[in-house]
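Inspection log for the structure reproduced underneath, given as structure tokens.
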Protein chains: 2
Amino acid sequence: MKKTYSEENYLKAIYHIDQNGLKVSPKAIAAALDNNPASVIDMIKKLQEKLLISYDKVNGAKLTPPGKASALDIIRKHRLWEVFLVEKLGYDWDEVHDIAEQLEHIQDDRLAAKLDAFLGNPSFDPHGDPIPAENGKMPVYANILLSDLEIGKMGKVGSVRDTSTPFLKYLKQLQLGLGSSIEVLDKLEFDQSMIISINNGPPQTVSSKMTSNILLIPC
Amino acid sequence: MKKTYSEENYLKAIYHIDQNGLKVSPKAIAAALDNNPASVIDMIKKLQEKLLISYDKVNGAKLTPPGKASALDIIRKHRLWEVFLVEKLGYDWDEVHDIAEQLEHIQDDRLAAKLDAFLGNPSFDPHGDPIPAENGKMPVYANILLSDLEIGKMGKVGSVRDTSTPFLKYLKQLQLGLGSSIEVLDKLEFDQSMIISINNGPPQTVSSKMTSNILLIPC
DNA sequence: TTCATTAATTAGGTTAATCTAATTATATAT
DNA sequence: ATATATAATTAGATTAACCTAATTAATGAA
Ligand SMILES: [Mn+2]
Ligand SMILES: [Mn+2]
Ligand SMILES: [Mn+2]
Ligand SMILES: [Mn+2]
């Protein structure tokens with residue numbers, strides 16, 4: 001089942017829209033690919049025929065297992081090539097996307113594996129995005145509990161353990177969400193509470209109950 | 001003047017057919033690209049419009065200076081990528097052509113120069129073909145005089161210094177032409193004459209006058 | 001609910017690159 | 001010189017991936 005460049009770009013766009021928790025509508029795909037909803041409808045029909053997606057107006061497009069495998073393969077190649085361009089050729093991280101957009105479509109059974117090995121099996125691309133493995137598994141960020149972070153270190157909020165409404169309300173009040181940066185300014189021996197700075201804001205004291213429910217991506 | 005993949009492949013094919021000393025006819029191009037002479041005529045018209053080639057039935061297609069520059073740029077990228085695939089990714093030399101056929105079309109102003117530097121500015125690709133420089137200049141093989149070749153070493157005839165009819169007649173008589181292989185079996189101190197094997201043939205004695213007029217690509 | 005807005009879909013074209021099947025021109029061999 | 005074969009070219013289709021301009025369906029605000 002050889003795929004055209006265009007089909008590959010549609011599969012990738014569908015994957016990314018879905019990943020963002022949005023409905024994969026013709027309008028959304030058209031926006032992602034900078035083309036026309038009418039064109040998208042044509043391609044939706046084609047991808048349905050090939051059993052790479054399912055589609056209905058209510059639920060939008062969904063990747064089938066083979067469709068998802070294809071999408072992940074393309075994303076894997078995109079991100080591996082980005083690593084190559086930055087690590088080996090000396091491009092800056094903000095210059096490589098358009099080139100990888102082309103390189104991701106190069107077809108060869110063994111190319112991704114060989115490139116992966118040559119680059120030392122990287123887990124993340126130059127933008128910090130995870131590189132899917134050959135089997136499609138995404139690497140997980142090596143998250144660390146805020147309570148385990150040392151004084152002076154920083155991290156970005158990757159996920160939370162407690163998802164109860166009171167806790168999330170508390171986080172909102174602190175202006176703290178996924179991706180917010182946290183710096184540990186001090187730890188109090190007495191009750192393990194911490195003084196932290198959120199997004200480089202003023203020092204705030206938080207309890208050990210709070211810090212043991214926040215998972216960070218260290219930086 | 002952005003070019004399509006197809007236009008680039010035509011320019012390259014025209015360059016190579018011409019390089020082989022053949023007339024660049026629609027039939028020859030069609031054979032090179034494994035397509036139809038009728039399709040070739042369409043593209044010939046398009047490339048003429050873009051002033052990348054000139055064409056008439058009698059002389060066939062000729063690259064204009066910008067057309068030739070484009071062709072050499074594509075060939076440069078093709079051969080650089082082949083070096084990358086063999087030297088860095090560990091492919092065998094006979095596996096890389098089809099991948100390079102795709103990679104040669106990747107568009108980025110700085111990519112060829114960065115790849116060239118990363119590879120250590122190679123002069124020849126894994127098949128021994130010269131890699132054009134950025135300015136289109138082809139590297140010259142580091143030829144060595146047959147008279148300077150040591151006993152036991154081999155080389156291929158790359159060019160001759162003396163182009164007089166008697167000398168060329170003599171070479172023809174020896175069944176020796178461009179590309180023929182020569183192995184040095186022995187050197188006679190007495191008059192610097194040599195005993196050589198041509199294309200693995202029987203030993204033959206040649207004079208120092210002969211050996212000082214043959215340039216070899218060592219192997 | 002009704003009207004207005006937005007989204008999805010259909011209908012009908014366009015362009016690039018290919019094809020097959022004529023047709024015309026050239027070259028070759030008797 | 002004429003017939004025959006081969007090459008070049010024209011004519012007419014096809015396919016993929018787009019487009020614009022209707023039209024139909026769904027949403028949502030008054
Ligand atoms: Mn792409
Ligand atoms: Mn990236
Ligand atoms: Mn190519
Ligand atoms: Mn080569």
Side-chain angles (χ1 to χ4, degrees), chain A residues 1-14 17-18 20-62 67 70-71 74 98 101-102 104-107, chain B residues 1-14 17-18 20-62 67 70-71 74 98 101-102 104-107:
Chain A
M1 300 295 146
K2 168 181 27 178
K3 285 161 209 88
T4 65
Y5 282 25
S6 204
E7 287 170 354
E8 292 191 340
N9 285 335
Y10 274 89
L11 292 173
K12 198 158 60 99
I14 291 167
I17 294 165
D18 184 65
N20 287 340
L22 303 171
K23 177 178 153 185
V24 187
S25 61
K27 183 184 152 80
I29 298 172
L33 296 176
D34 194 23
N35 69 3
N36 195 292
S39 309
V40 173
I41 298 272
D42 288 346
M43 184 60 86
I44 282 176
K45 285 172 184 160
K46 189 177 169 194
L47 295 174
Q48 269 181 309
E49 302 265 312
K50 293 194 170 193
L51 304 178
L52 293 166
I53 65 169
S54 60
Y55 175 74
D56 65 274
K57 203 192 305 191
V58 180
N59 298 297
K62 302 276 179 206
S70 284
I74 301 154
D98 290 346
E101 204 59 43
Q102 303 172 58
E104 70 191 1
H105 303 291
I106 302 293
Q107 305 272 5
Chain B
M1 303 296 144
K2 173 180 24 182
K3 283 159 210 91
T4 65
Y5 283 24
S6 204
E7 288 170 353
E8 293 190 341
N9 285 335
Y10 274 90
L11 292 174
K12 197 159 59 99
I14 291 167
I17 294 165
D18 184 64
N20 288 339
L22 302 171
K23 178 178 154 186
V24 188
S25 61
K27 182 184 153 79
I29 299 173
L33 296 176
D34 194 22
N35 69 2
N36 195 293
S39 310
V40 173
I41 298 272
D42 288 346
M43 183 61 85
I44 281 177
K45 284 172 186 160
K46 190 178 168 194
L47 294 175
Q48 266 181 310
E49 302 266 312
K50 294 194 170 192
L51 304 178
L52 294 166
I53 64 169
S54 61
Y55 175 74
D56 66 273
K57 202 192 305 191
V58 180
N59 299 296
K62 303 277 178 205
S70 285
I74 302 154
D98 290 347
E101 204 58 44
Q102 302 172 60
E104 70 191 1
H105 303 291
I106 302 295
Q107 303 274 4

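Keep in mind it's a predicted model, so treat the numbers as computed, not measured. The chains referred to below are lettered A, B, ... by the order of the sequence lines, with proteins before strands, and numbering in each begins at 1.
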How close or far is atom [atom2] of [N] from atom [atom1] of [X], stated in whole angstroms?
X: A/Asn59; N: C/dA7; atom1: CG; atom2: P; value: 18 Å
X: A/His105; N: D/dA17; atom1: NE2; atom2: P; value: 12 Å
X: B/Asp42; N: D/dA8; atom1: CG; atom2: C1'; value: 13 Å
X: A/Tyr5; N: D/dA16; atom1: OH; atom2: P; value: 17 Å
X: A/Ile44; N: D/dA16; atom1: CD1; atom2: C1'; value: 17 Å
X: A/Lys3; N: D/dA16; atom1: NZ; atom2: P; value: 16 Å
X: A/Met43; N: D/dT15; atom1: CE; atom2: P; value: 16 Å
X: A/Leu22; N: C/dA7; atom1: CG; atom2: P; value: 13 Å

Tell me the closest heavy-atom pair linking [X] and [Y], and the distance in Å.
X: A/Ile17; Y: A/Ala32; result: CD1-CB, 4.1 Å
X: A/Ile44; Y: A/Pro26; result: CD1-CG, 4.2 Å
X: A/Tyr55; Y: A/Ala61; result: CD1-N, 3.5 Å

Under 3.5 Å, is there a donor-acceptor pair between the side chain of A/Asn20 and the main chain of A/Leu22?
-> no
Closest of D/dC18, D/dA8, C/dA8 to the A/Ser6 side chain is D/dC18
Taking only the side-chain heavy atoms of A/Lys46 (C-beta and beyond), determine which of D/dA16, C/dA17, D/dA8 contains the nearest atom.
->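 Output: D/dA16.
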Side-chain heavy atoms of A/Asn9 within contact of A/Glu101, under 4.5 Å |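 Heavy-atom side-chain distance check passes, below 4.5 Å.
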Does the side chain of A/Lys62 come within less than 4.5 Å of A/Val24's, by heavy atoms?
->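 Not touching, per the 4.5 Å side-chain cut-off.
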At under 4.0 Å, does any side-chain N or O of [X] touch on OP1 or OP2 of [N]?
X: A/Lys57; N: D/dA26; value: yes
X: B/Tyr10; N: C/dA16; value: no
X: B/Lys45; N: D/dT10; value: yes

Count the heavy atoms of every other residue, nucleotide or ligand shown that sit under 6.0 Å from NZ of A/Lys27, and state whether that count exceeds 12.
->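 Not more than 12 within 6.0 Å, no.
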Using a cut-off of strictly less than 4.0 Å between a heavy atom of the residue and any atom of DNA chain C, enumerate the qualifying residues of residues 27-41 of chain A by number.
-> A/Lys27, A/Pro37, A/Ala38, A/Ile41
